[in-house]
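One structure is given below, encoded as structure tokens.
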Amino acid sequence: MLQYEFMRNALIVATVISILCGIMGVFITARHLSFLTHTMSEIGFSGASFGLWVGWTPLNGMLFFTVLSALAAGMTNRTRPLKGTVISTISAFFMGLGVLFLSIAQTSSSYATNILFGSIVGISQTDVQQISLIAGFELILIVFIYRQLKFEFFDPIGAQESIRFNGLINLIFLIMMSLSVSIVSQIVGALLVFALLTLPAAAAQFWGKTVHALIILSIIFALLGTWIGLFLGYLTNLPVTFFITTIETVIYLISRMISKFRN
């Protein structure tokens, strides 16, 4: 399997993104930001389509749109969060906008399929470098703000009294989340981002009792999904995305059932 360059590229990207998702997912689930993650992914679809229209790569277009959406979300009033109906309306609008950009760009339907559902085996060497650079930047940033993130997301009341720049920490995290959504979409597509950004962390909650344990377990579950999914996709020639999402779902359901039996 590894004698092929595209499989080596896919394995490198899958590993890097799984580690990032394992860490980011713990904080996303702690603050119940899964819905916002899904909304960002749909905005990212519009951005990827826009990128194709103006001659950018889909990843660059997705990064542009998701970062702008993170900045907009971070500047809204945190005491009055957007209602679900408003978020749904925003999602629907950007999905429609993405379809419009694809139509204007006059691209083939395969581009839309790759953006929506991912194409990990189509990752080029340039994509590997760009995705690794973005993920590496996020991981280094997490190291520097880890204590503040842990305090802010797991003890928000205490954080308000002890951290002067808690609003800035939230804005930084939203931007990091937008970057994560963009690069994760390269594996599972814009519509299935939550499979890697939320399911491993959600499954880890049934096993781990500390933040460190949650992160380690979440990374392990994410790696299991991507590595096994990539191997099964190679053996069967079926979509890797299907296997990744199925494996992560099964891990979550098994963890939930075992937790019920233990209780």
field: Atom pair CG (L141) and CZ (F173), whose distance is rounded to the nearest 0.5 Å
entry: 11.0 Å
field: Worked check of side-chain contact (heavy atoms from CB on, under 4.5 Å) between L33 and L36
entry: CA-CA 5 Å; L33 295 174; L36 180 58; 4.2 Å; yes
- prompt: Hey, are the side chains of V181 and I43 touching, using non-hydrogen atoms and a 4.5 Å cut-off?
  reply: no
message: So I175 and I172, do their side chains get closer than 4.5 Å, heavy atoms only?
response: no
message: Any non-hydrogen side-chain atom of I142 less than 4.5 Å from a side-chain atom of M176?
response: yes
task: Could you walk me through whether Q148 and I145 pass side-chain contact (heavy atoms from CB on, under 4.5 Å), step by step?
output: CA-CA 5 Å; Q148 290 86 350; I145 65 172; 4.3 Å; yes
message: How long is the straight-line distance from OG of S178 back to CG of L174, given to the nearest 0.5 Å?
response: 8.0 Å
query: In terms of hydrophobic clustering (I, L, V, M, F, W, Y; side-chain heavy atoms under 4.5 Å; direct or indirect links), are L149 and V143 co-clustered?
result: no
message: Take a 6.0 Å sphere around CZ of F137 and say whether it holds more than 12 heavy atoms from other residues, nucleotides or ligands.
response: no
- request: Dump the intermediate steps for ring-ring contact (aromatic ring centres under 6.0 Å, His included) on Y252 and F206, then the final yes or no.
  value: CA-CA 9 Å; Y252 172 78; F206 295 111; 5.7 Å; yes
- prompt: Centre of W207's six-membered ring, under 6.0 Å away, within 45 degrees of the axis: is that where NZ or CZ of R256 sits?
  reply: no
message: Can you give me the closest heavy-atom contact between I247 and G225, atom names plus distance?
response: CG2-CA, 3.7 Å
Euclidean distance, L139 CG relative to F144 CZ, rounded to 0.5 Å: 12.5 Å
Minimum heavy-atom distance between M62 and F45, given as atom pair plus value: CE-N, 4.2 Å
- prompt: How long is the gap from CG on L179 to CD on E138, to the nearest 0.5 Å?
  reply: 4.5 Å
- prompt: Looking at side-chain heavy atoms only, is the closest gap between S41 and T37 below 4.5 Å?
  reply: no
task: Answer whether the closest heavy-atom distance between the side chains of N170 and R31 falls below 4.5 Å.
output: yes
task: Check whether any side-chain heavy atom of F242 lies under 4.5 Å from a side-chain heavy atom of L232, and answer yes or no.
output: no
Could you give the side-chain donor-acceptor pairs of residues 10-30 under 3.5 Å, partners two or more places apart or in another chain?
{"from": "T15", "atom 1": "OG1", "to": "L11", "atom 2": "O", "distance (Å)": "2.8"}
{"from": "T15", "atom 1": "OG1", "to": "W227", "atom 2": "NE1", "distance (Å)": "3.0"}
{"from": "S18", "atom 1": "OG", "to": "A14", "atom 2": "O", "distance (Å)": "2.6"}
{"from": "S18", "atom 1": "OG", "to": "A222", "atom 2": "O", "distance (Å)": "3.4"}
{"from": "S18", "atom 1": "OG", "to": "T226", "atom 2": "OG1", "distance (Å)": "2.8"}
{"from": "T29", "atom 1": "OG1", "to": "G25", "atom 2": "O", "distance (Å)": "2.9"}
{"from": "T29", "atom 1": "OG1", "to": "V26", "atom 2": "O", "distance (Å)": "3.1"}

task: Quick one: sort the F101 and F65 rings into parallel, tilted or perpendicular, breaks at 30° and 60°.
output: perpendicular
- request: Kindly work out whether a path of hydrophobic side-chain contacts (I/L/V/M/F/W/Y, heavy atoms less than 4.5 Å apart) joins L133 to W56.
  value: no
message: Using the side-chain contact (heavy atoms from CB on, under 4.5 Å) definition, which of the options M40, M177, E42 pairs with S69?
response: M40
message: Please give me the minimum heavy-atom distance between S180 and L197, naming the atom from each residue.
response: CB-CD2, 4.3 Å
query: Partners of T245 by side-chain contact (heavy atoms from CB on, under 4.5 Å), sequence neighbours excluded?
result: L192, A195, T241
message: If the condition is side-chain contact (heavy atoms from CB on, under 4.5 Å), which residues does Q130 pass it with, not counting sequence neighbours?
response: L59, N60, L63, I134
query: Between OG of S182 and CZ of F64, what distance do you get to the nearest 0.5 Å?
result: 12.0 Å
- prompt: So, do L97 and F94 sit near enough that their side-chain heavy atoms are less than 4.5 Å apart?
  reply: yes
Non-hydrogen side-chain atoms of H212 and I215 separated by less than 4.5 Å: no
task: Might you point out which heavy atoms bring V128 and N9 nearest each other, and give the distance in Å?
output: CG2-CB, 3.6 Å
